[in-house]
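First comes the structure, then the notes that go with it.
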Amino acid sequence: MCLAVPGKIVSVDNADSIVRSGRVDFGGVIREVSLACVPQAGIGDYVLVHAGFALSVVDPEQARITLDYLQAVSGEADSARERR
């Protein structure tokens, strides 16, 4: 199963478009991500990330809704594990 997750760019490390990368916040978890496919993205933008690559810039409200759903699913999974 493939899953792309939205995250907020908190820093951009390389100006060169081929190796452009940055740090992206996924609801408190920060990861290094390639930004080569989204040269227009900057600090504060939300991007959709799959396998370490930002694929597109996304609307901030849609990103928040998706992150809320993922957090709710994670909370349900934690509750199910605690009941076992």
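This chain uses plain numbering: 1 for the first residue, then up along the sequence. It should be emphasised that the depicted structure is a prediction, and the values quoted were computed from it without experimental measurement.
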*Other than V29, what residues sit in its cluster of Ile, Leu, Val, Met, Phe, Trp and Tyr side chains whose heavy atoms are under 4.5 Å apart, directly or through others?*
none

*Should side-chain heavy atoms under 4.5 Å link Ile, Leu, Val, Met, Phe, Trp and Tyr, which residues sit in the same cluster as V73?*
none

_Any I30 side-chain heavy atom under 4.5 Å of V24 side chain_ = no

_R20 vs V12 side-chain heavy atoms within contact, under 4.5 Å_ = yes

*Of all the heavy-atom pairs spanning P6 and V58, show the shortest one and how long it is.*
CB-CG2, 4.4 Å

Sequence neighbours left out, cut at 3.5 Å: what donor-acceptor pairs do the side chains of residues 38-56 make with other protein atoms?
residue	atom	partner	partner atom	Å
D45	OD2	G42	N	2.8
H50	ND1	L3	O	3.3

*Of all pairs that satisfy salt bridge (charged side-chain N to carboxylate O under 4.0 Å, His left out), the ones with a partner from residues 46-59, not counting sequence neighbours*: none

*Just jot down the salt bridge (Lys or Arg N to Asp or Glu O under 4.0 Å) partners of R64, sequence neighbours excluded, or say none.*
E61, D68

*Who are the salt bridge (Lys or Arg N to Asp or Glu O under 4.0 Å) partners of R83, not counting sequence neighbours?*
none

*Please walk me through it: do I9 and R23 pass side chain to side chain contact (heavy atoms under 4.5 Å, CB included)?*
CA-CA 6 Å; I9 297 173; R23 297 176 61 81; over 6 Å; no

*For L70, does its backbone N or O pair with a side-chain atom of S74 as donor and acceptor, under 3.5 Å?*
no

*Is the count of non-hydrogen atoms from other residues, nucleotides or ligands lying under 6.0 Å from E32 atom CD greater than 12?*
yes

